[in-house]
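Values below: all heavy atoms of this structure, side chains included; hydrogens, waters and symmetry mates excluded. Each chain gets a letter, A, B and so on, in the order the sequences are listed, and its residues count up from 1.
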Amino acid sequence: MKRTLRAKLMAIFILLLVIFIINNVWAVLNFNSLTNSIEGIMEDNYQSVVSAQNMTNSIERQDSAQLSFIFTQNEGTSNSFQRNQIEFIKALTRAEENVTEPGEAELLGLINENYSQYINLFQRLVEVKSLEGNIEAHEFYYNEVFPLFETIKEELRDLQILNQEAMLTLRDRAGQTAMTASYRAVIIAIITVLGGLVISFYLINKTITPVYGLVDKIRKISEGDYSQQLDVSGNDEIGVLAKEFNYMTEQLKEYEKLNVQKLMDEKHKADSIVNSISDGIIVTDKNKKISLINRAAERAFEIRQSENIGKHFLEVINNDEVFKLIETASKTDLDKDLAYKEYVDITLGKDENQKHYRVEARTIHGVDDESLGEVTLVQDITKLKEIDQLKSQFVSTAAHEFRTPLTSISMGAGLLLEQQIGQLNDDQLELVSAIKEDEERLTALVSDLLDISRMESGKIEMDIEEHDIKEIVMHAVSPFKSQVEKINGELIVDIPDDLLKVKADFNKISWVLSNIVGNAVRYIPEDGSGKIEVAVKQSANQFLFSIRDNGKGIPEEFQDRIFEKFVQLKSDGVAKTGSSGLGLSISKEIVHAHNGRIWVKSKVGEGSVFYFTLKVAR
Amino acid sequence: MSKILVVEDEERIIKVLDMFLKKEGHEVIIAKDGTSAVSLAQESMPDLVFLDIVLPKLNGYLVCQALKEEASTNHIPVVFVSAKAQDEDIKKGYDVGGDDFLVKPFTPNQIRDIIKKYIKE
C-alpha cells in the first residue's frame, strides 16, 4: 500500500517549511550582507578620520616642537619633531591604504606633497637659525612655515570632513537599503506564505474531498441503497479506502440479495403452504385489517387477496357473525391456555352452489407474547353437512320404515293380548306380552332416534319463551308421583317461590326433566327407601336444576359417557326396559340448544345427582 | 254401525285394522291408493277416514284436501295415520284440513279413542 496521503500531507508541510526557511535564510543573508557592507565602509572611513586626526595631532606637535626650537635651545625638540614625523607618516600611510572617497587620493597626494615641503622648510629653519639667528628664524617661521602648516591642517580637516560626510551618507544609504530589504522581505514573505497557503489549501482540498463523498455514500448505504460506488481514482489511502468501500458495498449487496432471496424463498414457501391448505385462511392485524387471504378463502368468499390487503375485515367480508367471532377471539387472548373453541357455521353461495363453512378464529401471538392479530379458519363443511344430511335422512327413513311393520306387530299383539280373537293360555300370554313389550321399546327407540337426528341436524326449533319454573317442573314431575308412591318412595320438589322466570322451551325442558326423573324412578330402591329430590336454585344469571336420587349410582367410567348415544347403564347386566339409551343424549342436545350445561355427579351405592343450567329471563 | 274408510297400501296393516275394526262392530271400506280413496269416499260416504300419507297415485294430503274441498265429503272427519310424523308432517296434516293425527305404530286403544272421539253413537 502506498502511503501517498501521508506523503501528500508531508509534502504540504515540507513545502511550507521550505518557504519558511527560504524566507528566513534570505532575511538573515540580507541582514548580514547589509551589516557587513556598512561596517566595512564605515571602518575605512573611520580609519581615514582617525588617521586625519592623528596626522593633525602629529603636525600640531611638530609645530609646537618648531616653535620651541625657535625660542629655546632644547635638543629634545628635534627628537619630538622626528617622533611625530614618524607618527604622521604612519597615519598618512594608513590613510593612503584606505582611500574610499572620490578626491581623497588627490587630497592625500596634496597633503603628502605639502608635508614633504613642510619637512624641508624645517631643515631650512634649522639652517636659518643656526646661520642667521633667532629673529631670522622667527621671521622665516611666520613667513614660510606657519602658512604651510595652516594649509596642511586645512587639508587634513578637509580629509576628515570628507570622510565624516561619507560616513553620514553611507549611514543614510544603509538605512535606506535596510528599509528596502525589510519591505522586500515582507513582500516575499507575504507572497510565499500566500502561495504556500493556496497550494496547501488546494492539496488538502484534493485530499479531503473524497472523504466527504465517502461520508455521503456511507449515509446512503445505511439507508439501504447498496448501489453506491466511489470513484477509484488515485492510489493513495483514499483510493484504497474507496476500493475497499466498493468491495464492501458489493459484499453488502450480495449479502442483502442473499437475505432477500432467503426471505423471498421463505415467504414463497409459506405462501405455497398457506395456499395449498384446503381450508380458507384469513389473517387480520390488530386493527382488523386484512393481511392475508389464501386461495381457499378467496374461493369461498369470492374475493381476491390482491384487491383487499389492508382493508378492514367488514369492508371485505360483510358478515357480522364472523367478525364478532374474530373480536371475541382477540379479546380472549389473555387466557391463552384455554384454547378458544367457539365457531360459527355460515352458508355462502346460492342454490346448487351453496356451500357451508365452519369458521373459527384464533389470536396470533408474537415472540414476546403480544397479539399480532387473528387468524380466521374457514373450513368447508359442505361435504360433512351433506353426509350429515344423508345420515339424518337415512335415520329418518329407516325409522319410518320400522314404524310400518311395528304397526302390525303392535296391533296384532295388542289384539291377541285383549283375547277378543281367542283365549290364550298363560305361556302364550307371556310370549305375546314379551312381543308387545319389545315392540314398545322399539317404538320408543325409533321415536328417540328420529328426535335426536333432527335435534343434531338443528331441525327442531326451540320455542323459547318466558316461563314459570315451578309450572315446568310440576308438569314434568307429577306423572311420576303415582309410580313413586307405588313403591312407597318419596318424590320431593323444592322450588323457592320467588324465582325469576326462565327462558326456555316449555315442552323440551319438561321432556328433559321427565327423562331424568323417569330414569331415577327406574333405579331407586323399591323397598320403600327410594327418594327423588328435584330442586332449583337461582344464581346471578342462571338457574341450577338438580335431580337427586338414592339409586345405585353410576360408575365413574360411565359418568362422562352417559350423555352419549346408546350408552345405557345395565343393572345386573340387563338394561332396564322402556329406555332407548338416547334420553340423556337428547336431553344434552336440548340443554345445549338453550345455551345451558348438563352434567352428573354420582357415587356407586349412594346415588346420583343430575344437574343442568338455564338462563334467567331478563 | 258406522262406516270407516281405511286408506292404506300396506297389506298387513290393512289386515289387522280390518280385523280389529270389524271385531269392534264397524263396516270397513278399504282403499289402497289415493284416487280410489277419493272416489270410494264420495261413493260410500263413510263416518270416518283413516288416511295414510304415503300412498300410490295421490298422497294422503291431496286426498284429504280433495275430500275437504268437496262439499259432499267436507263433513267427514279425516284422521291421518302415518309413520311420517315429524312436526312439519303433522302441521301439514292439519293445514290440509285433517281432524287428527295418529302416529304409527298405534295400539287398539288409540284407535278406539279416536273412534269414540269422532263417531258419536
request  = Give, as side chain, backbone, both or neither, the part of A:Glu440 having an atom under 4.5 angstrom from any heavy atom of chain B.
outcome  = neither
Portion of B:Glu8 that has a non-hydrogen atom of chain A nearer than 4.5 angstrom = neither
query = What is the ring orientation for A:Phe612 with A:Phe545, classed by angle as parallel under 30°, tilted 30 to 60°, or perpendicular over 60°?
reply = parallel
task = Measure distances from A:Glu401 to the heavy atoms of chain B and classify the residue's part below 4.5 Å as side chain, backbone, both or neither.
result = neither
task = Check whether B:Val81 gets within reach of chain A through its side chain, its backbone, both or neither, counting any heavy atom under 4.5 Å.
result = neither
ask   = Side chain, backbone, both or neither: which part of A:Leu442 has an atom under 4.5 Å from a heavy atom of chain B?
value = neither
inquiry  = Between B:Thr35 and B:Asp33, do the side chains contain a donor N or O and an acceptor N or O under 3.5 Å apart?
reply    = yes
ask   = Do A:Glu386 and A:Thr382 have a side chain donor and acceptor closer than 3.5 Å?
value = no
task = Report yes or no: do A:Ser410 and A:Lys436 form a side-chain donor-acceptor pair below 3.5 Å?
result = yes
query = When the ring centroid of B:Phe80 is compared with that of B:Tyr94, is the distance short of 6.0 Å?
reply = no
